[in-house]
Amino acid sequence: MFACFMLIRFNATALLEKLRNKRLVYVGDSLNRNQWVSMVCLVDSVISPTFKSMHNNGSINIFKAIEYNATIEFYWSPLLVESNSDDPISHRVPDRIVRVQAIEKHARHWTDADYLVFNTYLWWRRRQMKVLWGSFESPEDGVFKAVKLPRVYEMALQTWAQWLEVHVDRNKTQLFFISMSPTHQKANKWGGIKGENCYSETEPVTEEEYVGDGASPRMMRVVDSVLGELKTRGLNVQMINITQLSDYRKEGHPSIYRKHWETITEEQLLNPKNYSDCIHWCLPGVPDVWNELLYAYILEL
């Protein structure tokens, strides 16, 4: 038997009232930035142009609703812990390295937030990750070791959880974790042609209980375990599970209309599916639903 419930209708003014004199901060990778942009767009229309501002300072982007003294922010930290992919612009590196026990460099920017919305998954999608015990300033003095997934993911989340347990004001800050956003890179998984992806898809998957392979059950279990341990220690992080509902939306990606960091080659133009973005989401679109779920929790808590 399935439990059904009705979502409350999104009301931008009601949310801004809830955020009055507060900070809502999204922390994570480009999918959480996607969700941040969605939330900014959802509230933007009810704010006069003279009473809002947008500011960027390195890894942090801040939208401010001046009349409410409220901010909706995004902080770039794709692996949550410190890594060599922390630069918000130049983060495409051939050899990804993480410091699984180091998070303070990032976390000091979120410490006094009232609502913290975390995600991390996309950047961990590989068989193993190189871990540094030491500093990026003096890597020659450190120790490097390749650690397999999902163990290295678990190590990073445990560091994140320990930081929350020590530093979060439990009477002030509400915590959320967005589950894995699925990808649609293998059309044969939903009955399409093998070798194709989300390119040219215009309809969602209609098969009930469809499950693709764009998310990792092993890594989802790691998240559940870490959040469960936190709960036993008196700190609740509300999981917002968007994985299954988003899995149906194979047509919701920007595909070839994504942002292109390099000029498209003639060869790519002849085979557009090769440069289709089947990971991020169009806006308006799927992340708006994620924010409606978040909104329901914020309004009810």
Side-chain angles (χ1 to χ4, degrees), residues 26 28-38 40-41 54 56 58-59 61 74-79 83-98 119-130 136 146 149 178 180-207 210-216 219 242-243 246-290:
Y26 294 84
D29 60 25
S30 53
L31 287 159
N32 234 18
R33 181 172 58 208
N34 215 181
Q35 189 176 352
W36 168 74
V37 173
S38 160
V40 170
C41 291
M54 183 74 80
N56 170 265
S59 293
N61 295 273
F74 169 72
Y75 184 86
W76 171 261
S77 181
L79 296 117
S83 77
N84 64 342
S85 298
D86 289 341
D87 188 288
I89 305 298
S90 302
H91 48 252
R92 296 187 173 196
V93 294
D95 191 17
R96 193 163 298 155
I97 304 169
V98 290
N119 91 313
T120 187
Y121 165 60
L122 182 65
W123 289 65
W124 296 96
R125 295 193 314 167
R126 49 189 61 205
R127 292 183 178 180
Q128 63 183 25
M129 192 87 72
K130 186 179 289 187
F136 287 114
L149 268 294
I178 306 296
M180 299 170 187
S181 174
T183 63
H184 292 93
Q185 296 170 312
K186 296 181 180 179
N188 59 297
K189 294 297 180 180
W190 58 81
I193 300 172
K194 188 172 183 179
E196 300 291 318
N197 56 23
C198 72
Y199 175 67
S200 78
E201 293 290 342
T202 59
E203 298 291 335
V205 176
T206 56
E207 177 190 343
Y210 162 79
V211 178
D213 66 347
S216 167
M219 292 174 72
I242 53 85
T243 305
S246 304
D247 216 352
Y248 293 104
R249 296 298 305 275
K250 61 182 170 62
E251 89 301 356
H253 301 281
S255 184
I256 60 173
Y257 304 103
R258 66 179 177 89
K259 180 175 181 177
H260 297 286
W261 298 94
E262 299 91 15
T263 303
I264 303 302
T265 66
E266 285 291 331
E267 184 180 359
Q268 287 176 314
L269 287 170
L270 291 172
N271 194 1
K273 74 173 186 293
N274 284 350
Y275 62 91
S276 289
D277 182 345
C278 300
I279 295 174
H280 300 92
W281 302 93
C282 296
L283 292 175
V286 171
D288 298 331
V289 178
W290 305 351

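What you see is a predicted model; the values in this text were computed from it and never measured.
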Find the distance between OH (Y275) and OH (Y199) and round it off to the nearest 0.5 Å.
7.0 Å

Kindly compute the distance separating CD (E251) from SG (C278), expressed to the nearest 0.5 Å.
11.5 Å

I'd like to check R33 versus W76 (side-chain heavy atoms, cut-off strictly below 4.5 Å). Are they in contact?
yes

Please check: side-chain N/O of K250 versus main-chain N/O of E203, any donor-acceptor pairing under 3.5 Å?
yes

Can you tell me how far the CH2 atom of W124 sits from the CG atom of L79, to the nearest 0.5 Å?
5.0 Å

Verdict with supporting geometry, S181 and I242, side-chain contact (heavy atoms from CB on, under 4.5 Å):
CA-CA 7 Å; S181 174; I242 53 85; 4.3 Å; yes

Can you find a heavy atom in the side chain of D213 that is under 4.5 Å from one in the side chain of K186?
yes

Please confirm whether the backbone N or O of S83 pairs with a side-chain atom of R96, one donor and one acceptor, at under 3.5 Å?
no

Evaluate whether atom NZ of K273 has more than 12 neighbouring non-hydrogen atoms of other residues, nucleotides or ligands under 6.0 angstrom away.
yes

Show your working on side-chain contact (heavy atoms from CB on, under 4.5 Å) between S216 and Y121 and close with a plain yes or no.
CA-CA 9 Å; S216 167; Y121 165 60; 4.1 Å; yes

Can you tell me if N119 uses its side chain to pair, donor with acceptor, with the backbone of D29 under 3.5 Å?
yes

Would you check if the side chain of N84 reaches a backbone N or O of F136 as a donor-acceptor pair within less than 3.5 Å?
no

State plainly whether the residues E196 and K194 are in salt-bridge range, i.e. N to O under 4.0 Å.
no

Counting only heavy atoms not in R127, do more than 12 fall under 6.0 Å of its CZ?
no

Measure the shortest side-chain to side-chain distance between W123 and H91 over non-hydrogen atoms and say whether it is less than 4.5 angstrom.
yes

Check whether N188 reaches the backbone of G191 with its side chain - one donor and one acceptor, N or O, closer than 3.5 Å.
no

We want to know whether H253 and S276 form a side-chain donor-acceptor pair, criterion being a heavy-atom distance below 3.5 angstrom.
no

Give the intermediate values and the outcome of side-chain contact (heavy atoms from CB on, under 4.5 Å) for residues L149 and M219.
CA-CA 8 Å; L149 268 294; M219 292 174 72; 3.9 Å; yes

Any side-chain heavy-atom pair of Y210 and W190 under 4.5 Å
yes

How about V98 and M129: do any of their side-chain heavy atoms sit closer than 4.5 Å?
yes

Would you say the side chain of P78 lies within less than 4.5 Å of the side chain of D86, judging by non-hydrogen atoms?
yes

When rounded to the nearest 0.5 Å, the distance separating CG of N56 from CG of N61 is 4.5 Å

How many angstroms lie between CG in N197 and NE2 in H184, if you round to the nearest 0.5 Å?
11.0 Å

Quick check: closest heavy atoms across S59 and P88, and the distance to 0.1 Å?
OG-CD, 3.7 Å

Do H280 and L31 have side-chain heavy atoms sitting under 4.5 Å apart?
yes

Are more than 12 heavy atoms, taken from residues, nucleotides or ligands other than L270, located less than 6.0 Å from that residue's CG atom?
yes

Does any N or O in the side chain of D288 come within less than 3.5 Å of the main-chain N or O of G285, such that one atom is a donor and the other an acceptor?
yes

Rounded to the nearest 0.5 Å, how far apart are OG of S30 and CG of L122?
5.5 Å

So which heavy atom on S255 is nearest to which on S200, and how close?
OG-N, 4.5 Å

Looking only at atom types and distance, does a side-chain atom of R92 sit under 3.5 Å from a main-chain N or O of S85, one as donor and one as acceptor?
no

Does any N or O in the side chain of T243 come within less than 3.5 Å of the main-chain N or O of M180, such that one atom is a donor and the other an acceptor?
yes

In terms of ring plane angle, is the pair W290 and W281 parallel, tilted or perpendicular, where the classes change at 30° and 60°?
perpendicular

Step-by-step side-chain contact (heavy atoms from CB on, under 4.5 Å) determination, D247 to V205:
CA-CA 8 Å; D247 216 352; V205 176; over 6 Å; no

